[in-house]
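Report on one structure; see the data block that follows.
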Amino acid sequence: MENAKDLAAKLLYKAPHAADAQPERMAEVQAFCEGYKKFLDQGKTEREAVTYSEQLLKEAGYRPFVRGMQLQPGDKVYYINREKCILASTIGTRPLEDGLHINAAHIDAPRLDLKPMPLYEKDDLALFKTHYYGGIRKYQWVATPLALHGVVYKNDGEKVEIRIGEEAGDPVFCITDLLPHLAADQNKRTLADGVRGEELNILVGSLPFADEEATERIKLYTMQLLNEKYGITERDFIRAEVEAVPAARAADVGFDRGLVGGYAQDDRSCAYTALMAEIECTNPAFTTLCVLTDKEEIGSVGYTGLSSDFMLNYIRKLAACTGADVVEVLEHSRCLSADVSAAYDPTFSDAFEARNSTYVNRGVALIKYTGSRGKGGTNDANAEMMDYAVRMLDKAGVVWQTGELGKVDQGGGGTVALMIASLGVDTVDLGVPVLSMHSPFEVTAKADVYNTYRAFATFAASEV
Ligand code: MN
Ligand code: MN
């Protein structure tokens with residue numbers, strides 16, 4: 001008769017801690033995440049993430065994709081959509097009709113966008129009005145240093161880039177909050193209502209233009225400084241995209257340095273790992289497609305979101321280069337929809353169902369479905385695609401786990417999986433578990449980031 005321990009080992013399952021599963025890889029885990037933290041600091045907006053990704057691709061020998069170009073197996077090309085999305089491919093040895101291996105992550109993140117007419121003066125302070133982008137808990141964005149990133153077009157057509165609050169010596173900006181002594185009324189608000197959208201006003205100035213006869217002198221002086229530094233006028237904010245993001249840099253978290261803390265790890269943890277996997281892929285069987293997209297956080301809408309045809313058009317153009325039938329290409333393609341999952345938080349365990357949650361340090365999370373209210377708005381990968389992914393991860397020795405986004409009916413969310421699945425591509429969600437997701441300081445485990453990279457690299461190089 002078998003003893004219980006042996007039988008349990010054979011029949012029962014629990015995802016191991018990554019450090020127990022692969023102690024020999026923990027040094028490599030640390031090294032890999034140095035590049036990751038740099039990626040987080042260099043690319044705090046979708047435009048900056050594209051610029052930095054392009055730089056990494058060019059250094060790795062990628063050429064800009066041009067319609068009609070001759071493509072040979074092993075060739076590496078990239079394409080940029082409106083400075084906010086980047087697509088990269090390594091041409092496979094198999095014909096394109098055999099399908100693509102797609103890794104799709106997003107590079108937009110929750111933040112505060114300046115309104116078209118942001119600058120105003122009130123009671124001796126100059127402030128910027130903002131409109132938040134994506135799902136934020138508004139109270140998390142007050143009383144913390146913010147940096148401003150973006151572009152402004154001037155009357156003469158010149159594009160001015162703004163990036164202030166990041167370097168040592170730069171000024172930073174912030175949203176003020178009430179002192180506890182005077183917060184009696186505010187404390188009666190619910191947490192969701194504690195800080196309101198129209199209260200997310202960024203403090204940007206306090207000194208007046210030196211003419212006591214003038215009105216709105218603090219606004220005027222602030223605008224004068226902006227004009228001196230960037231050559232812009234108030235009217236130019238109408239043709240600008242300026243985003244306020246946390247000024248803090250990515251950092252190791254914990255005495256053991258096992259975690260990374262930083263802004264926009266949803267979904268840069270998947271974008272960086274997908275990009276590294278793409279870059280390091282040489283002579284794959286299937287042509288790869290790494291797509292880093294914009295607008296996921298507001299529903300993948302618009303011409304830089306995956307609801308538009310920009311990725312499909314790239315595939316069409318790629319297919320045209322080799323005379324491949326696009327329907328065949330799509331029908332035989334597979335996609336890892338690379339997005340983060342909610343990591344189980346012991347402090348707020350009530351929001352999770354422990355048996356079906358993802359945990360930091362248990363490896364990359366393979367997620368069959370996301371969505372809300374009875375799987376509404378999810379891709380829900382079929383068992384065959386789950387089998388494909390499990391088999392692939394097991395074969396490569398990737399540390400992985402599974403789970404879903406919190407308790408049933410607790411809330412929910414979606415990813416780009418829907419949009420890619422709607423092209424008829426076999427798609428499953430896979431990514432890094434994140435603590436404090438959508439906050440100014442999200443936390444991931446380095447071992448999970450590393451194993452996510454290994455999952456994407458395995459998929460890019462996979463011969464099946
Ligand atoms: Mn995401
Ligand atoms: Mn998100």
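In each ligand, atom 1 is the first atom listed, and ligand 1 is the first ligand listed.
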| request: Return the orientation label for the Phe352 and Tyr344 ring planes: parallel under 30°, perpendicular over 60°, tilted otherwise. | output: tilted
| query | If you look at Glu297, which of its N/O/S atoms is nearest to the Mn ion (ligand 2)? | reply | OE2
| request: Give a yes or no on whether Glu296 keeps an N, O or S atom under 2.8 Å from the Mn ion (ligand 1). | output: no
| request: Could you check which N/O/S atom of Asp266 is closest to the Mn ion (ligand 2)? | output: OD2
| Going by distance alone, is a donor N or O of one side chain under 3.5 Å from an acceptor N or O of the other, for Thr444 and Gln265? | yes
| request: Let me see the working for Thr415 and Asp339 under side-chain hydrogen bond (donor to acceptor under 3.5 Å, both in side chains), right down to the final yes or no. | output: CA-CA 7 Å; Thr415 66; Asp339 210 342; 5.2 Å; no
| field | Qualifying residue for side chain to side chain donor-acceptor pair (under 3.5 Å) with His106, from Lys295, Glu296, Arg268 | value | Glu296
| remark: Between His106 atom NE2 and Asp339 atom OD1, the angle centred on the Mn ion (ligand 1) rounds (to 10°) to 100°
